[in-house]
Number of protein chains: 2
Amino acid sequence: MADELPTSLMMFIASRAAVSRVLGAIHAAGHDEVTIAQARLLMGIDEDGTRLSVLADRAQVAKQTATALVDKLERAGYVERVRDPGDGRARLVRLTGHAHALLPVARAEEERIETEWAEHLGPERMAGLRDALEALREVTDPYR
Amino acid sequence: MADELPTSLMMFIASRAAVSRVLGAIHAAGHDEVTIAQARLLMGIDEDGTRLSVLADRAQVAKQTATALVDKLERAGYVERVRDPGDGRARLVRLTGHAHALLPVARAEEERIETEWAEHLGPERMAGLRDALEALREVTDPYR
DNA sequence: CTATATTGGTTCGTTAATAGGACCATTCTA
DNA sequence: TAGAATGGTCCTATTAACGAACCAATATAG
């Protein structure tokens, strides 16, 4: 074993496995067309709607990319664009009922992963892991 | 604070920051055309060459994708395809001198990140983080 | 109060990444 | 030795991503 992979690579491996499982659960629930990039954008939408540029920021993609992703999500019925009452230029991207049916599925699978990881590591190591990751956000999370 | 992000998402955030920095260092060293996907493939190449299908496996992409990536890397002068002496069907993808100039740059930046993270967390928390991530590989790493 | 700058989004055009399917050559195996 | 499996490639299509140019609405300078 004695593998000595970079810490960031080990994070990548684990997070990719999680993403893959969550997306699998989403697909299994019948939401076949949703892709990873689209899901990433969906996650950034607040309950009362979010501007496209904010969404782009959160997902760390260009505005044009966010536009394209929202286009697809809109065509598939997961979001709608409504005018921002406070600013005539802006529009708010809002989740539809269709999307609201989707979120619990994703959250449940995420829960399941979290539980399995905790079982595998034991409570202290899991707590330590989360603690370290939270601390790392201070130096790695450009948003917040 | 009290954020309660999923563990896997926090991993994603940190690993993305690291990838972004390593790629930045690579670009800053003059290797402008190399992309993330290409770098990911490069990392899987052993010193004495590696088969394309193994590469595809390691990077978790389809053979066709690996073919396309190797095409680009080959055109840019980072790898070469040589016949596998032991198997007439196979060809070995090997790093060129150009690529060998690149790897230390990536490794150095990775080192720097590792050091900064350790400083930010302190030695025990960093050790605990690595330990937990190594353990998680047992349930999340499809390769090994 | 107008002229200009900024902001929020979209459109156009291009490139990278990815994979399904078909396919060929070589090697393995029953 | 015939048929299955393996290693790669080609063709094609879709998604993701972004620079550049652009329009409409708002904010700001003079």
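No experiment lies behind these values; they were computed from the predicted model shown. Lettering follows sequence order; numbering is per chain, from 1.
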Nearest-nucleotide comparison on DNA chain D, the residue closer to the 5′ end among Ala37(A) and Asp71(B): Asp71(B)
Ion pair Arg51(B)/Asp57(B), N-O distance below 4.0 Å: no
Positional range of nucleotides in DNA chain C within the contact set of chain B, heavy-atom, under 4.0 Å: dA16(C) to dT27(C)
Side chain of Val61(A) - closest among dG8(D), dC18(D), dA5(D): dC18(D)
Atom pair distance, as rounded to whole Å: CZ in Arg51(B) and C1' in dG7(D): 8 Å
Sugar-phosphate, base or nothing in reach of Arg83(B), heavy atoms under 4.0 Å: nothing
Sugar-phosphate, base or nothing in reach of Asp87(A), heavy atoms under 4.0 Å: sugar-phosphate
Reported CD-to-CD distance for the pair Glu114(A) and Glu116(A), which is rounded to 0.5 angstrom: 10.5 Å
Parallel, tilted or perpendicular: rings of His31(B) and His98(B) (30°, 60°): tilted
Spacing of Arg40(A) atom CZ relative to dT15(D) atom C1', expressed in whole Å: 13 Å
Check ion pair Glu109(A)-Arg112(A) (N to O, under 4.0 angstrom): yes
Atom-to-atom span, CD of Gln60(A) to C1' of dA16(D) - whole angstrom: 15 Å
Salt bridge Arg130(A)-Glu4(B), side-chain N to carboxylate O under 4.0 Å: yes
Below 4.0 Å: OP1/OP2 of dG8(D) and any side-chain N or O of Arg81(B): no
Sugar-phosphate, base or nothing in reach of Ser53(B), heavy atoms under 4.0 Å: sugar-phosphate
Pairwise distance OG1(Thr50(A)) to CG(Leu95(A)) - rounded to 0.5 angstrom: 8.0 Å
Distance in Å, His27(A) NE2 paired with Glu33(A) CD, rounded so as to fall on 0.5 Å steps: 8.0 Å
Nearest-angstrom distance from the residue atom CG of Leu41(A) to C1' of dA17(D): 13 Å
Test item: side-chain donor near acceptor, His100(A) and Glu47(A), under 3.5 Å: yes
N/O (side chain, Thr65(A)) to phosphate O (OP1/OP2, dC18(D)) under 4.0 Å: yes
Short side-chain N/O contact to dG8(D) OP1/OP2 from Thr67(B), under 4.0 Å: no
Residue met sooner reading DNA chain C from 5', once Ala68(B) and Thr50(A) are mapped to nucleotides: Thr50(A)
So which protein nitrogen or oxygen atoms get under 3.5 Å of nucleotides 19-21 of chain D's nitrogens or oxygens?
residue : atom : partner  : partner atom : Å
dG19(D) : N7   : Gln64(A) : NE2          : 2.2
dG19(D) : O6   : Gln64(A) : NE2          : 3.4
dA20(D) : N6   : Gln64(A) : NE2          : 3.3

Length of the line joining Arg89(B):CZ and dA5(D):C1', which is rounded to integer Å: 8 Å
Whole-Å gap separating P (dC18(D)) and CG (Leu52(A)): 13 Å
Nearest-0.5 Å distance, CG of residue Leu23(A) to OG1 of residue Thr35(A): 7.5 Å
d(CG, Leu23(A); P, dA16(D)) in whole Å: 10 Å
salt_bridge(Glu80(B), Arg91(B)) N-O dist < 4.0 Å: no
Nearest-angstrom distance from the residue atom CG of Asp84(A) to P of dA25(D): 14 Å
